[in-house]
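A short worksheet on the structure shown next.
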Amino acid sequence: MQPTHTDNASGHPIGKESLPLLAGAAVGVGGVGAVLALADIASPVRAPFTFFFLLAAPAAALAAGLRGLDPLSRAVVAVGGTVVIDLLVAQGMLALHMWSVRGGVAAVAAVSAVLFLLPLVRHSRGRAERRRTP
């Protein structure tokens, strides 16, 4: 049996408390990256933060829709799906001769938002149908 390190009054493992903090920091970094790219603000952190947004936003959206999988499978599918989404957006923009950094970030944000909202819509639709059926 592996000993669990606890450093707090509640007795919970240390990693459990820091997970919401890390998730909030990731959302903040991604949001700043998207804003910097969309507003075309010159900053030394623009490239890494925008890159983080382009990887994290679709991955989080896909992972939200894959709740039935175990965590490792969910992460692998989400990362693979992120690469596919980013490449399809880039290929579509290049094929239509509409390439721009702002447009790419906006398109990835829109696709991520739609993918994130789909499970919520499906869940609420299922609840509405269950209420109608006696």
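Residue indices begin at 1 and follow the sequence shown.
Between Leu55 and Val79 there is no side-chain heavy-atom pair separated by less than 4.5 Å. At a threshold of 4.5 Å between non-hydrogen side-chain atoms, the residues Leu115 and Pro58 do not count as touching.
Leu120 and Leu66 fall into different hydrophobic clusters, where Ile, Leu, Val, Met, Phe, Trp and Tyr are joined by side-chain heavy atoms under 4.5 Å apart, directly or via other members. Residues Phe116 and Phe52 do not share a hydrophobic cluster, clusters being chains of Ile/Leu/Val/Met/Phe/Trp/Tyr side chains in contact below 4.5 Å. Hydrophobic clustering places Leu94 together with Val89 (ILVMFWY residues linked when any side-chain heavy atoms are closer than 4.5 Å, directly or through intermediates). Residue Val29 is not grouped with residue Leu54 when hydrophobic side chains (ILVMFWY) are merged at heavy-atom distances under 4.5 angstrom, including chains of intermediate members. By the rule that hydrophobic residues join a cluster once side-chain heavy atoms approach within less than 4.5 Å of another member, Ile41 and Phe49 end up as members of one cluster.
Remark: side-chain polar atoms of Ser73 are not paired, donor with acceptor, to backbone N or O of Leu69 under 3.5 angstrom. Thr82 places a side-chain N or O within 3.5 Å of a backbone atom of Ala59 that can act as its donor or acceptor partner. Using a distance-only test at 3.5 Å, with no hydrogens or angles considered, no donor-acceptor pair links the side chain of Ser112 to the main chain of Ala61. Within the 3.5 Å criterion, the main-chain N or O of Leu21 finds no donor-acceptor partner in the side chain of Ser18.
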Apply the test side-chain contact (heavy atoms from CB on, under 4.5 Å) to residues Leu62 and Ile85: give CA-CA distance (whole Å), side-chain angles for both, the deciding distance (0.1 Å), then the verdict. CA-CA 10 Å; Leu62 286 170; Ile85 289 169; 3.9 Å; yes

Check the pair Leu87, Gln91 against side-chain contact (heavy atoms from CB on, under 4.5 Å), reporting the backbone distance first and the verdict last. CA-CA 6 Å; Leu87 289 177; Gln91 185 67 35; 6.0 Å; no

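For Arg67 against Arg74, the heavy-atom pair with the smallest separation is CA-NH1, 3.8 Å. For the residue pair Ala37 and Val105, the shortest heavy atom distance occurs at CB-CG2, 3.8 Å.
With rounding to the nearest 0.5 angstrom, the CG atom of Leu38 is 7.5 Å from the CZ atom of Phe53. A distance of 4.5 Å separates CG of Asp40 from CZ of Arg46, quoted to the nearest 0.5 Å.
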